[in-house]
Amino acid sequence: MSPHDPARIEPKWQKAWDDAGVFLARRDPAKPKYYVLEMFPYPSGRIHMGHVRNYTMGDVIARYKLACGYSVLHPMGWDAFGMPAENAAMERGASPKDWTYKNIADMRAQMKPLGLSIDWTREFATCDPDYYGQQQALFLDFLAKGLITRKNAVVNWDPVDMTVLANEQVIDGRGWRSGTEVERRELTQWFFKISDFSEELLAAIDGLDAWPEKVKLMQRNWIGKSRGLQFAFSFADAPEGFDRLEVYTTRPDTLMGASFAAISPDHPLAKRLERNDPKVAAFVAECRKTGTSEEALEKAEKIGLDTGLRVRHPFDNDWELPVYIANFVLMDYGTGAIFGCPAHDQRDLDFARKYGLGVIDAFVAAEGGQPVQDEAFVPSKTEVVRWIKTFGWDEMATGTQAIDAAIAFCESQGVGQGVTKFRLRDWGLSRQRYWGAPIPVVHCDACGVVPEKKENLPVRLPDDVSFDKPGNPLDRHPTWRDVPCPACGKPATRETDTMDTFVDSSWYFARFTAPHAATPTVLEDAAYWMNVDQYIGGIEHAILHLLYSRFFARAMHICGHLPETAIEPFDALFTQGMVTHEIYVTRDDKDRPVYHLPEDIEWTESGAKLGASGAPVEVIPSAKMSKSKKNVVDPVNIINEFGADTARWFVLSDSPPERDVEWTASGAEAAFRYLARVATLSERIAGIDPATPGDGDEDLLRAMHKTIFDVTQGIESFGFNAAIAKLYAFTNTLTKSQAGHAAQRQAMLVLAQLMSPMVPHLAEEVWAMLGGEGLIATAPWPKPDPAMLVEDTVTLPIQVNGKRRSEITVPKDMTKAEVEKLVLADEAVAKALAGSAPKKLIVVPGRIVNVVI
RNA sequence: GCCCGCGUGGUGGAACGGUAGACACAAGGGACUUAAAAUCCCUAGGCCGAAAGGCCGUGCCGGUUCGACUCCGGCCGCGGGCACCA
């Protein structure tokens, strides 16, 4: 029998922690607090290795901080609303609610054996009426404070499923489920006014010191601040109701190269023209057929239609530009109208060539170069300045200030004004779906849109819904919509749209601080526990989830639900890599890939073969685990076979946490064998007669203190793989040590403590075996003795011209002069010098010596 | 197109500007065993050499430095983010 028996010890220690209530988060004013949070899971029904890695990392931090004397909050919940539950309902008639809660129960049962230090008393699911009721209360508060608005928006509409589709659900311009062509449709939707916070959300990124640069950069780009010139063209022949055409440009310096103006098909002018001109109407309709997804836009040809209207160039009244309607001009960026400068923008050039528009060879002609042919000339900033000068503008600033100078010049001439625009748009939260938090408003013929009264919350989802027809079941429910108007009491109808599931995850971290409160949060609790000290999750949430949460924290503060100190809710963020696995591929007779399970592969000297047929198998390393590729490793199987400690140890050990880690069967077995070795070692040390003296106590204890130092550093800096390497090394040292029993026992206890955040069950077992006091989970984290970290003697490598040639061992406080003397006396150095004196002798105390010849 | 990040043995990866390859996987050799598994010990960047030792070596080219995987410039390759954004 293996000395390491997870099936026996893991449940035992989990029960011991539970019984002692070790992981219950308590507000304790006497202690510093620490809030560790991993991004909560969607309850798909199965945990996967990615979860194991994510939660193990958080658990290491949580257990470490607990041992360091912090009052720790480490909660878990479920991001439980969303499409998969409705899909399950449509596919097999399950109730979304039953399906979801069963999945939660299943996943919790799979998660518990991992031995995570979770305070389960704080658990909730976002589909709990209690949670979404509080979310509805937040909605009402936001609405009252003007943080929410209702307006029209263009969406992807699936005419068969009768629902709005997210961009990701539009594939090749067709609905992913129905396969029909998606339409662009304008609907009235609710929006969070996140764009009001653009400047602040951008500026505050600078203060997020413990966030990855990559994530901060992605957020900055997403918010997309730009500086440009907004000005108006006057019409040569003004259409009714439009005396000017407002345009926005970030390149005012190219204004003298303008050769056309273009408006969006959704521009009010286009809508005006469409009424009287069937050609325009047909063209605009054509443009609207294109979806709004990235692929659709990528493939769409750039098309335009001459409206016949002409505008005048702001610097030359006689210079007229045609006005086109063009499908590539977006209504919701800038003013929905642009000018085109073919000489300096590739897209404008392509468009001008296609429709036979003039190309002004602005810069190029002035410098005597070649006229613009097929490629637009995009001048550098300094060249722009020269370009400007050729048009008689004054001497201007150079370099990056060229654009600002151009704006200033235009302003001085009364042509427009400099404006700052953001790419960030308001966040549309309406979804025409069932399985989400109902938007708590009522539509009344007399009063219009009326917020529901808070005392009527939660607005509960009805359970008796059917998915036999496409569309939103709430629309078809016989009675659910019927409700008295909260204002006048007359019969009215509920809003049937529900909230985007991103809303649910935008404040759950705050709810964990008071998960059962009758208000969204309790300020006192929020003030104690917020902010999240360490947030851990996937990079895929770098933009939306994290940006929305930052917005929500601000909005909640404005409504009095969070203290001002919590407007940036996540102090530190860590984005962890995936768990990958090899995939095994053969080809069928049409050369299509066929995937195989790891257990079907046989390893021979000439490579991988298919066990059944002996066909050679192509091995593709480091692929994301997916069912279709048959490379999924189920944590449940691993826990059953090796125990949770092995799974935890392995996902931390091989790669730095921010990078992907490849799961390998041999690696998992090796992790198990190592843990067994530790158990054996512990048994052996426990069995030694306490009176046994030994040899090398000091060396062992020095190594122990060095390891305490290194492992502590490793955990603090998310260097789990490096910390584990140090633990291996120290285990090897202890195994070979001939030290006396007392020293070995002490070293073993410390080893167990240092391992305890990663493999808590085994650590408890070792701790108990050697008579450690209480539970290791609550034992104070060991501290290295600084005196034991300094060696009395140091070994200095000696380099000659930067290459290592020898070494000397000297007392650590030996003077430079003495070291130099010894170095020159060194045989290898003397040989290299061959009698002559060195040019230079560099002694870096305690580090290295370099002899320059 | 714009913006980032990363290139180190057979593999995953270590390395405050200071002995490159810690630690582990896989591999090879050995001990124990009738045998295998398990366990334990040893070897291991490449080239030359019996050895001592030497030369080369962190994608490529150059620079800074006594000293560069690390800093700077250019190139190549891979990965990621954003994008009809005017």
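By convention in this document, chain letters (A, B, ...) are assigned in the order of the sequence lines, proteins followed by strands, and residues within each chain are numbered from 1. Given the structure is predicted, the values throughout are model-derived calculations rather than measurements.
Checking the phosphate oxygens (OP1, OP2) of A86(B), a side-chain nitrogen or oxygen of Y333(A) falls inside 4.0 Å. Side-chain nitrogen and oxygen atoms of R423(A) include at least one within less than 4.0 Å of the OP1 or OP2 phosphate oxygen of A83(B). Remark: K840(A) is in phosphate contact with C66(B), judged by side-chain N or O atoms under 4.0 Å from OP1 or OP2. At the phosphate of A38(B), neither OP1 nor OP2 sits under 4.0 Å from any side-chain N or O atom of R673(A). Dashed line: the shortest gap from a side-chain N or O of N732(A) to OP1 or OP2 of A22(B) is not under 4.0 Å.
Listed by residue number, the members of residues 708-725 of chain A with any heavy atom below 4.0 angstrom from RNA chain B are N721(A), A725(A). If you check residues 845-853 of chain A against RNA chain B, the residues with a heavy atom closer than 4.0 Å are R847(A), I848(A), N850(A), V852(A), listed by number.
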Any N/O pairs under 3.5 Å between the protein and nucleotides 40-45 of chain B? List them or say none.
none

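Other residues, nucleotides and ligands contribute only 12 or fewer heavy atoms inside 6.0 Å of the CZ atom of F709(A). Within 6.0 Å of the CD atom in Q738(A), the count of heavy atoms belonging to other residues, nucleotides or ligands does not exceed 12. More than 12 non-hydrogen atoms from other residues, nucleotides or ligands lie less than 6.0 angstrom from CZ of R684(A).
The side chain to side chain contact (heavy atoms under 4.5 Å, CB included) test applied to A723(A) returns V711(A), M758(A), not counting sequence neighbours. Shown here are the ring-ring contact (aromatic ring centres under 6.0 Å, His included) partners of F650(A), two or more places apart in sequence or in another chain: W663(A). In this view, N732(A) and R677(A) satisfy the side chain to side chain contact (heavy atoms under 4.5 Å, CB included) rule, not counting sequence neighbours.
Rounded to whole Å, the P atom of G29(B) lies 39 Å from the corresponding atom of C78(B). Nucleotides A50(B) and G57(B) place their P atoms 24 Å apart, quoted to the nearest Å. Nucleotides C72(B) and C82(B), compared at atom C1', are 28 Å apart to the nearest Å. Taking atom C1' on both nucleotides, G67(B) is separated from G80(B) by 35 Å, rounded to a whole Å. Here the separation of A14(B) from A36(B), taken at their C1' atoms, is 36 Å to the nearest Å. C69(B) and G59(B) have their P atoms separated by 9 Å, given to the nearest Å. When the P atom is compared between G17(B) and A52(B), the two are found 34 Å apart, to the nearest whole Å. Using P as the reference atom, C47(B) and G9(B) are 15 Å apart when rounded to the nearest Å.
Remark: U39(B) base-pairs with A31(B); criterion is Watson-Crick or G-U wobble with both hydrogen-bond distances under 3.5 Å. Base-pair partner of U64(B): not found among the strands shown (Watson-Crick or G-U wobble, both distances under 3.5 Å).
Counting atom types as modelled, R220(A) pairs no side-chain N or O with a base atom of C4(B) as donor and acceptor under 3.5 Å.
For the pairing with L309(A), the side chain to side chain contact (heavy atoms under 4.5 Å, CB included) check across L245(A), V323(A), I263(A), L321(A) returns one residue only, V323(A).
Between F718(A) and F720(A), the ring planes lie tilted relative to each other; the angle falls in the 30° to 60° range.
For Q799(A), the side-chain atoms get nearest to U19(B) when compared with the rest of G81(B), C85(B), U19(B).
Two residues, M218(A) and A729(A), neighbour RNA chain B, and the one matched to the more 5' nucleotide by heavy-atom proximity is A729(A).
Remark: the backbone N or O of I853(A) is paired with a side-chain donor or acceptor of N801(A) at under 3.5 angstrom.
Here the P atom of nucleotide C66(B) and the CZ atom of R805(A) are 19 Å apart, to the nearest Å.
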